[in-house]
Engineer: 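Have a look at this one.
Numbers for residues simply follow the sequence, beginning at 1.
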Amino acid sequence: MSAQPIPPADGVTDTERVLAVIWSEVLQVPDVGVEQNFFDLGGHSVLLHMVHDRIVARLGMNPPLIELFQYPTVRGLAAYLDGNAPGAELSVGRGEALRTDGRARLAGRRDGRIHRPTLFGEGDDNE
């Protein structure tokens with residue numbers, strides 16, 4: 001099933017058109033409105049991975065997958081990808097920064113360097 005692009009309309013961006021086509025293909029629905037929720041249309045996490053792969057292929061963008069959950073409408077996701085959503089200015093390095101921070105915390109736990117509060121509010125610094 002090949003989805004047809006949304007015809008040009010006032011207020012619909014190129015990114016929104018591409019995303020609507022991607023969602024239409026992945027969800028196998030003929031029309032996707034820019035304000036419809038991906039999950040309300042039958043989407044789920046596995047299909048969101050397919051959407052992500054197509055975004056990478058067609059738009060040349062590689063957003064962190066979590067952001068696709070954060071922006072479940074075509075309009076919201078397009079705004080995020082285009083840098084027009086709240087917090088989007090952080091988007092370029094945000095995914096890598098989160099991964100780096102997560103890796104550092106994990107390494108600290110492995111080495112026993114993480115300050116862990118106890119039930120009584122005192123820390124266990126593994127000294």
Side-chain angles (χ1 to χ4, degrees):
M1 172 181 188
S2 179
Q4 297 300 316
I6 295 175
D10 291 332
V12 177
T13 68
D14 290 338
T15 304
E16 288 172 341
R17 278 189 203 82
V18 172
L19 290 175
V21 169
I22 290 171
W23 286 19
S24 179
E25 292 169 357
V26 169
L27 295 169
Q28 298 181 352
V29 296
D31 297 309
V32 174
V34 295
E35 295 293 340
Q36 289 183 292
N37 186 296
F38 180 80
F39 302 102
D40 292 344
L41 293 170
H44 51 76
S45 60
V46 174
L47 293 178
L48 208 54
H49 281 274
M50 293 173 64
V51 167
H52 183 267
D53 291 344
R54 292 177 192 209
I55 288 171
V56 172
R58 294 187 191 167
L59 294 174
M61 299 176 185
N62 190 6
L65 189 61
I66 190 73
E67 300 299 346
L68 277 64
F69 285 96
Q70 292 278 115
Y71 299 98
T73 66
V74 165
R75 178 144 293 152
L77 183 56
Y80 168 78
L81 293 174
D82 290 340
N84 299 324
E89 64 278 358
L90 304 173
S91 66
V92 174
R94 183 175 175 194
E96 185 56 36
L98 290 173
R99 283 190 295 279
T100 300
D101 183 53
R103 288 182 193 124
R105 282 190 313 233
L106 180 59
R109 285 190 191 128
R110 287 185 188 138
D111 296 341
R113 295 178 294 174
I114 299 294
H115 176 80
R116 294 181 193 94
T118 65
L119 178 63
F120 303 105
E122 299 172 7
D124 174 12
D125 290 330
N126 293 326
E127 296 178 16

Engineer: List the atom of G43, the atom of F39, and the distance in Å for their closest heavy-atom pair.
Structural biologist: O-CD2, 3.4 Å
Engineer: For residues S24 and P30, report the shortest heavy-atom separation together with the two atoms involved.
Structural biologist: OG-O, 3.5 Å
Engineer: Just grab all the salt bridge (charged side-chain N to carboxylate O under 4.0 Å, His left out) pairs involving residues 57-66, residues at least two apart or on different chains.
Structural biologist: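 Sorted pair list: E25-R58.
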Engineer: In chain order, what residues pass the side-chain hydrogen bond (donor to acceptor under 3.5 Å, both in side chains) check against T15, with sequence neighbours excluded?
Structural biologist: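 By the side-chain hydrogen bond (donor to acceptor under 3.5 Å, both in side chains) rule, T15 matches D82.
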Engineer: Could you measure the distance from the CD atom of Q70 to the OH atom of Y80? Nearest 0.5 Å is fine.
Structural biologist: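 Reported to 0.5 Å precision, the distance equals 9.0 Å.
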Engineer: Nearest 0.5 Å please: distance from the CG atom of L68 over to the CG atom of L81.
Structural biologist: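 That separation rounds to 7.0 Å.
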Engineer: Among residues at least two apart in sequence or on other chains, which ones pass side-chain hydrogen bond (donor to acceptor under 3.5 Å, both in side chains) with D14?
Structural biologist: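 Testing D14 for side-chain hydrogen bond (donor to acceptor under 3.5 Å, both in side chains), a comparison that skips the adjacent residues, returns R17.
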Engineer: So how far is it from L19 CG to L77 CG, rounded to the nearest 0.5 Å?
Structural biologist: 5.0 Å
Engineer: Tell me, which pairs form a side chain to side chain donor-acceptor pair (under 3.5 Å) where one or both residues lie in residues 33-52, sequence neighbours left out?
Structural biologist: E35-R75, H52-N62
Engineer: Can you list the residues that meet the salt bridge (Lys or Arg N to Asp or Glu O under 4.0 Å) rule with D53, with sequence neighbours excluded?
Structural biologist: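 Once residues adjacent in sequence are excluded, D53 has no partner under the salt bridge (Lys or Arg N to Asp or Glu O under 4.0 Å) criterion.
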Engineer: Considering all heavy atoms of both residues, which atom of I55 and which atom of I22 are nearest to each other, and what is their separation?
Structural biologist: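 Closest approach of I55 to I22: N-CD1, 4.0 Å.
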Engineer: In a check of side-chain contact (heavy atoms from CB on, under 4.5 Å) between V18 and each of V74, T13, L59, which one passes?
Structural biologist: L59
Engineer: Is there a chain of hydrophobic side chains (I, L, V, M, F, W, Y, each step under 4.5 Å between heavy atoms) that links V56 to Y71?
Structural biologist: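 No; Y71 is not reachable from V56 via cluster members.
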Engineer: Any pair with a residue in residues 13-32 that passes ring pair (Phe, Tyr, Trp, His ring centres under 6.0 Å), sequence neighbours left out, goes on the list, sorted by first then second residue, please.
Structural biologist: W23-F38
